[in-house]
Amino acid sequence: MSDELELEPASAPDSPPPVEPVFELEELSPEEISTNSKYRSTAQRFASKKKMVRRKAPPRPEPTATAPEKPVVVVEDEPTPEELAAMAKDRRRLTGGLPIIIAALIIAAIAYLAFLFADRNRAQSFRRLMADGEAHLQDGLLDQAEVFYRDARSIKGYEDSDEITQALRRVRQARAAEIYDKQLKAAATALANHDYAVALGIYEDALKIPNYVGDYVAAQAGLAQTRVLVQQEHDENFARDFNAGVLALRQNKVIEAKMLFQRARSFAGHDHDPKLDPYMRLLTTQIDERAAMSVDAAYQAQLREGYAALEAKNFAGAIKAFQAAIATGYENPAAAQDGLAKAEAENATANRAAIYREHLKIAEAALAQNNYDVAAKEYAAALAVAGYAADETAQKGLARAQRQSAVDAAAAPYREKMQEGEAYLRARRFVDAEKSFQEALMLAGHEEDAAAQAQLQIAQTGKENASRYSRLLMDGKGELARRKFAAAEEQIRAALAVPGYADDAEAKKYLAQAQDALARAQKKANAAKKKK
């Protein structure tokens with residue numbers, strides 16, 4: 001498609017020469033296109049294709065009436081179908097955003113209206129809860145009022161409301177007033193029951209109740225009255241115990257009087273009462289006198305008990321009694337000290353004798369069991385006890401144990417070889433047993449030892465029997481391998497007949513094999529005869 005633009009006819013000849021009109025299509029640089037939003041789509045596609053075509057009229061001839069000047073036509077390149085489609089798409093994109101904007105504005109308006117409605121509802125709920133709380137507070141229902149106030153505080157936007165803070169403070173103050181009234185009633189009840197100490201404590205607590213904003217006149221008056229009553233009670237109790245103490249002292253009841261005077265002094269205002277001083281001095285004198293008499297009596301009793309135990313040779317009991325006598329504090333405990341020294345000396349002697357007898361008993365038992373080393377050790381320990389170094393019984397026992405120990409040491413190699421040989425015999429190691437018994441007979445003093453000779457004979461016989469058994473069993477196994485089952489059975493039976501091998505498991509196993517083979521051979525022969 002092309003557009004032709006016609007220029008106006010040239011002006012009259014007598015006018016100034018006209019400026020040649022030029023029509024240009026706007027041509028932008030790539031940077032201008034990228035920064036200008038209206039050219040970002042279509043303009044970018046066509047920026048490089050826009051061309052300006054200028055057609056100039058030929059040189060103007062002299063003006064004549066018959067030769068009009070031809071117009072200058074500016075022609076632009078015709079866009080392609082693809083370019084036209086892109087341009088239409090851009091127009092649709094620009095006009096399609098308008099419904100979205102309108103919808104967004106409607107949603108925002110709805111949200112704002114919903115916010116205003118919710119805010120009004122919250123305010124109404126807050127006012128209703130506060131009114132309910134106030135009504136319950138006026139009716140004295142403090143717990144319920146506090147619940148309503150706290151529910152009001154939970155509404156969004158009212159968490160830090162000063163109105164709620166003040167309301168909760170009034171609840172606390174009302175609750176403190178209730179507690180104060182209850183304390184006053186409890187104190188009055190205690191006073192009526194003459195329980196002045198309890199009433200005093202209640203009044204003091206009432207004066208310390210937190211959040212209470214009323215006056216404390218009633219509690220202060222009650223506290224003052226109670227203190228007077230408490231002091232009167234203390235005075236009465238003091239007089240009662242003081243008079244009872246005086247009476248007990250006159251009756252020579254010293255311990256009871258002391259207790260009563262001490263209790264009378266414990267009442268408030270009477271801890272330094274001068275009325276008590278002369279009686280306490282008198283009481284102290286009597287107590288000291290009785291204590292002295294008591295010490296003497298206790299000392300004498302313990303002294304008698306100590307000497308009685310010493311006479312009965314109960315030295316531990318005597319020591320305990322004499323120590324108790326000294327502990328009484330008696331001013332001259334010489335007799336108890338002498339008795340204690342004697343009892344300790346006798347006890348030490350008795351202990352040494354017991355120790356000596358114990359060592360001697362162990363030594364004699366060890367000697368009877370031929371345990372000479374232990375016996376010698378115990379005899380030496382008995383002689384080491386103080387006062388028994390020259391004891392003849394222990395000396396003789398020690399000498400005997402030492403001699404027997406020396407003999408026993410000399411016989412040790414013989415016993416060792418005999419025990420070794422006997423162990424070999426039990427294990428049927430006859431060659432080793434024979435060697436051990438021969439070595440025992442080679443030891444000095446045992447060359448003709450009958451026991452060693454008898455054991456040697458047993459070992460040698462066992463060796464011969466073992467050799468004979470091995471030979472016969474080997475022959476039987478050879479015959480069995482050659483399938484001479486009858487000969488094998490004969491040899492194995494001969495091996496089992498060797499003394500000491502009647503129950504040999506190996507020989508019995510091969511005997512069973514030989515017998516089984518003979519039975520199978522006999523069965524086979526019988527079957528062959530039947531066929532003939």
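For clarity, every value in this text was computed on a predicted model and none was experimentally measured.
- Counting heavy atoms from C-beta outward, Leu168 and Arg153 have side chains that approach closer than 4.5 Å.
- In this structure, Tyr501 and Arg428 have side chains that are in contact, with non-hydrogen atoms separated by less than 4.5 Å.
- Taking the six-membered ring where the residue is Trp, Phe261 and Phe242 present tilted rings, their angle falling between 30° and 60°.
- Under the 3.5 Å distance criterion, the side-chain polar atoms of Asp139 are left unmatched by any main-chain donor or acceptor of Leu141.
- Ring pair Tyr379/His359: centre-to-centre distance not below 6.0 Å.
- A distance of 11.0 Å separates CG in Leu303 from CG in Leu340, rounded to the nearest 0.5 Å.
- The shortest heavy-atom contact between Glu378 and Ile362 is CG-CG2, 3.4 Å.
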> Yes or no on salt bridge (charged side-chain N to carboxylate O under 4.0 Å, His left out) for Arg127 and Glu163, after CA distance, side-chain angles and deciding distance?
Replying inline: CA-CA 11 Å; Arg127 299 287 7 135; Glu163 185 178 354; 2.7 Å; yes
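- Taking the six-membered ring wherever Trp is involved, the centroid distance between the rings of Phe238 and Phe267 does not fall below 6.0 Å.
- Classification of Glu134 and Arg170 as a salt-bridged pair holds, one side-chain N sitting under 4.0 Å from a carboxylate O.
- Partner of Glu146 under the side-chain hydrogen bond (donor to acceptor under 3.5 Å, both in side chains) criterion, out of His136, Arg175, Arg172: Arg175 alone.
- A donor-acceptor pair under 3.5 Å links the side-chain atoms of Gln231 to the main chain of Ala268, judged by distance alone.
- With ring centers used as reference points, Phe437 lies 6.0 Å or more from Tyr424.
- Glu448 is listed as a side-chain neighbour of Gln453, based on a closest heavy-atom distance under 4.5 Å.
- More than 12 heavy atoms of other residues, nucleotides or ligands lie within 6.0 Å of CG in Asp271, so this atom counts as buried by the packing criterion.
- Expressed to the nearest 0.5 Å, how far CD1 of Ile209 lies from CD of Glu178 amounts to 11.0 Å.
- Using a 4.5 Å heavy-atom threshold, the side chains of Leu129 and Ile155 count as touching.
- Side-chain contact check for Leu184 versus Tyr203: some heavy-atom pair is nearer than 4.5 Å.
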>> side chain to side chain contact (heavy atoms under 4.5 Å, CB included) for Gln251 and Leu247? Distances and angles first, verdict last.
In response: CA-CA 6 Å; Gln251 295 174 352; Leu247 180 60; 3.7 Å; yes
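- Side chain of Asn371 to backbone of Leu367: no donor-acceptor contact under 3.5 angstrom is found.
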> Given Ile164 and Phe126, is the side chain to side chain contact (heavy atoms under 4.5 Å, CB included) satisfied, shown in steps?
Replying inline: CA-CA 10 Å; Ile164 297 176; Phe126 175 78; 3.4 Å; yes
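- Between Lys313 and Glu346 there is no salt bridge, since no side-chain nitrogen of the basic residue lies less than 4.0 Å from a carboxylate oxygen of the acidic one.
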Could you tabulate the donor-acceptor pairs under 3.5 Å formed by side-chain atoms of residues 384-398, not counting sequence neighbours?
{"unit_1": "Asp391", "atom_1": "OD1", "unit_2": "Tyr356", "atom_2": "OH", "d": "3.1"}
{"unit_1": "Asp391", "atom_1": "OD2", "unit_2": "Tyr356", "atom_2": "OH", "d": "2.2"}
{"unit_1": "Asp391", "atom_1": "OD2", "unit_2": "Thr393", "atom_2": "N", "d": "3.4"}
{"unit_1": "Asp391", "atom_1": "OD2", "unit_2": "Ala394", "atom_2": "N", "d": "3.0"}
{"unit_1": "Glu392", "atom_1": "OE2", "unit_2": "Lys396", "atom_2": "NZ", "d": "2.9"}
{"unit_1": "Gln395", "atom_1": "NE2", "unit_2": "Ala389", "atom_2": "O", "d": "3.4"}

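- Without hydrogens or angle criteria, Glu159 side chain to Gly157 main chain gives a donor-acceptor distance under 3.5 Å.
- Asn351 contributes a side-chain N or O that, together with a main-chain N or O of Asn347, makes up a donor-acceptor pair within less than 3.5 Å.
- No hydrogens or angles considered: a donor-acceptor pair under 3.5 Å links the side chains of His270 and Asp235.
- Side-chain contact check for Lys417 versus Glu420: some heavy-atom pair is nearer than 4.5 Å.
- Panel note: side chain Ser266, backbone Arg263; a donor-acceptor pair is recorded below 3.5 Å.
- Atom CD of Glu311 has 12 or fewer neighbouring heavy atoms from other residues, nucleotides or ligands inside a 6.0 Å radius.
- Nearest heavy-atom pair across Met418 and Ala440 is SD-CB, 4.0 Å.
- Counting heavy atoms from C-beta outward, Pro333 and Phe322 have side chains that stay 4.5 Å or more apart.
- A salt bridge does not link Arg265 to Asp241: none of the charged side-chain nitrogens sits closer than 4.0 Å to a carboxylate oxygen.
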> Yes or no on side chain to side chain contact (heavy atoms under 4.5 Å, CB included) for Val147 and Asp143, after CA distance, side-chain angles and deciding distance?
Replying inline: CA-CA 6 Å; Val147 170; Asp143 293 338; 5.7 Å; no
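- The aromatic rings of Tyr180 and Tyr216 sit perpendicular to each other, their planes meeting at more than 60°, with 30° as the lower class boundary.
- Note that the CD1 atom of Ile110 and the CG atom of Leu105 stand 11.0 Å from one another [nearest 0.5 Å].
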>> Test side chain to side chain contact (heavy atoms under 4.5 Å, CB included) on Thr189 and Asn193; report intermediate values, then the result.
In response: CA-CA 6 Å; Thr189 301; Asn193 295 329; 3.8 Å; yes
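- In this model, a donor atom of one side chain and an acceptor atom of the other lie less than 3.5 Å apart for Gln166 and Arg169.
- Once rounded to the nearest 0.5 Å, the distance linking CG of Leu229 with CD of Glu233 reads 8.5 Å.
- Under the 3.5 Å distance criterion, the side-chain polar atoms of Thr461 are left unmatched by any main-chain donor or acceptor of Ile458.
- Side-chain contact between Gln438 and Gln460 is present, with at least one heavy-atom pair separated by less than 4.5 Å.
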